[in-house]
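Inspection log for the structure reproduced underneath, given as structure tokens.
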Amino acid sequence: ILRGSEARPHLKPYMASLQLDGQHVCGGFLIAEQWVLSAAHCTEETDGKLFQVLLGAHSLTEPEPHKRLYQVRAQFPHPGSNIHNNKDDLLLLQLEEKAELNADVRVLPFQREDRDVAPDTMCEVAGWGTIDHSGTRPDKLQQLERPVISRDVCNHRTRHDGTITKNMMCTDSRRRDTCKGDSGGPLVCGGVAEGVVTASSRVCGNYKKPAIYTRIAPYAAWIDGVMASADG
Ligand SMILES: O=C(O)c1[nH]c2ccc(F)cc2c1NC(=O)[C@H]1C[C@@H]1c1ccccc1
């Protein structure tokens with residue numbers, strides 16, 4: 001998160017850190033007791049290794065009462081996701097066991113009605129992604145409020161030039177923005193997850209390249225289907 005602020009500890013109890021060998025790679029969030037939603041691109045350089053999921057954390061390194069690292073039983077990238085574009089950039093992770101829910105670990109509901117969030121709506125995003133242009137990584141969760149911009153503006157020739165589909169949405173990226181390592185985290189508008197930060201190697205903090213999110217509502221049936229099939 002570029003030019004955000006430290007989140008109030010544990011006030012975003014749905015936030016997850018997807019880790020490999022103890023290192024934060026991407027964000028994610030708890031959508032059910034045994035399920036975390038993130039971005040498919042985050043698995044690109046993991047050569048098949050499964051993530052571990054840190055829940056209940058504010059600091060990535062300090063001991064905290066409800067902080068716990070969960071093993072992942074299975075990972076389900078959306079079948080339409082690929083390395084060449086941002087399409088269907090979603091990843092479902094089934095935890096090895098149900099997360100223990102408490103004040104610091106909570107499920108975040110996601111939007112099921114497939115209707116665009118109105119432009120200028122203020123939404124919030126959080127993550128342990130880079131906080132400056134030299135790639136400094138924060139220890140504590142950062143947060144930021146950003147306004148939604150219309151798909152037409154986001155698709156302008158000088159912005160993302162027609163690549164933003166009806167399954168994506170954008171927020172203003174002037175100075176304050178999501179950045180590397182924030183991918184997979186939720187865009188929360190009115191207490192509901194409307195989008196997932198796409199894991200593209202987009203430049204951060206440049207108003208000409210707005211932040212891109214995968215809208216969740218169009219994928220509600222896919223999410224329900226995977227959870228139902230894997231839970232048995
Ligand atoms: O965040 C992303 O957009 C993104 N997209 C990816 C694709 C492949 C992939 F193997 C990783 C990523 C990845 N994350 C990162 O590179 C994470 C490692 C970097 C990071 C930044 C700040 C704080 C901690 C760690």
Side-chain angles (χ1 to χ4, degrees), residues 1-20 22-31 36-39 41-42 51-69 89 91 103-108 110 117 121-149 169-207 209-214 216:
I1 301 278
L2 282 189
R3 306 175 74 85
S5 57
E6 184 181 330
R8 301 280 304 283
H10 311 294
L11 288 192
K12 297 173 188 306
Y14 47 79
M15 284 304 294
S17 165
L18 271 53
Q19 309 205 337
L20 280 180
Q23 290 297 311
H24 171 85
V25 172
C26 275
F29 61 108
L30 204 61
I31 60 165
V36 167
L37 186 60
S38 183
H41 281 265
C42 294
F51 285 112
Q52 293 179 312
V53 173
L54 182 66
L55 295 176
H58 177 61
S59 160
L60 290 176
T61 58
E62 291 159 20
E64 294 169 337
H66 293 125
K67 199 170 152 181
R68 192 171 146 192
L69 195 63
D89 189 14
L91 173 70
D104 300 344
V105 180
R106 290 262 310 282
V107 165
L108 174 67
F110 61 83
V117 177
T121 303
M122 287 304 281
C123 299
E124 58 177 27
V125 66
W128 288 276
T130 45
I131 57 170
D132 60 31
H133 287 290
S134 45
T136 308
R137 300 179 177 195
D139 176 57
K140 295 186 173 63
L141 185 66
Q142 305 292 304
Q143 67 176 23
L144 183 61
E145 269 210 325
R146 297 312 284 146
V148 170
I149 61 173
M169 64 187 289
C170 300
T171 58
D172 177 275
S173 53
R174 196 173 69 78
R175 287 157 53 86
R176 302 177 189 281
D177 195 5
T178 56
C179 206
K180 209 129 185 72
D182 291 322
S183 303
L187 180 68
V188 184
C189 316
V192 175
E194 291 280 354
V196 175
V197 181
T198 52
S200 66
S201 50
R202 175 187 64 92
V203 62
C204 321
N206 181 333
Y207 76 101
K209 294 300 172 200
I212 308 170
Y213 308 80
T214 305
I216 302 170

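Atoms considered below: every heavy atom in the structure, side chains included; atoms not considered: hydrogens, waters and symmetry mates.
When all heavy atoms of C123 and V148 are compared, the pair lying nearest together is SG-CG2, 3.7 Å. Minimum interatomic distance between M15 and P186 (heavy atoms only, all atoms of both residues): SD-CD, 3.6 Å.
In this view, H58 satisfies the ring pair (Phe, Tyr, Trp, His ring centres under 6.0 Å) rule with no residue, not counting sequence neighbours. Applying the side chain to side chain contact (heavy atoms under 4.5 Å, CB included) test to H133 and every residue at least two apart in sequence or in another chain returns L2. Legend: residues meeting side chain to side chain donor-acceptor pair (under 3.5 Å) with S17, ordered by chain and number and at least two apart, are Q19, H24.
Sorted by first and then second residue, the salt bridge (Lys or Arg N to Asp or Glu O under 4.0 Å) pairs with a member in residues 169-181 read R146-D172, D177-R202; sequence neighbours excluded. Residue pairs satisfying the salt bridge (Lys or Arg N to Asp or Glu O under 4.0 Å) criterion with at least one member in residues 129-143, sequence neighbours excluded, are listed as follows: E62-K140. For the side-chain hydrogen bond (donor to acceptor under 3.5 Å, both in side chains) condition, no pair includes a residue of residues 181-191, sequence neighbours left out.
D104 has its side chain out of reach of E64: every pair of non-hydrogen atoms, C-beta onward, lies at least 4.5 Å apart. Side-chain contact between I216 and I31 is absent, with no heavy atoms from C-beta onward closer than 4.5 Å. Counting heavy atoms from C-beta outward, L55 and L30 have side chains that approach closer than 4.5 Å. Contact of the H66 side chain with the H10 side chain is not registered, since no non-hydrogen atoms from C-beta on lie closer than 4.5 Å. Put simply, the side chain of L54 reaches to within 4.5 Å of the side chain of K67, judged on heavy atoms. When side chains are defined from C-beta on, V117 does not count as touching L187, because their heavy atoms never get closer than 4.5 Å. Residues C42 and F51 meet the side-chain proximity criterion, which asks for heavy atoms closer than 4.5 Å.
Applying the 6.0 Å contact sphere to CZ of R106 captures no more than 12 heavy atoms from other residues, nucleotides or ligands.
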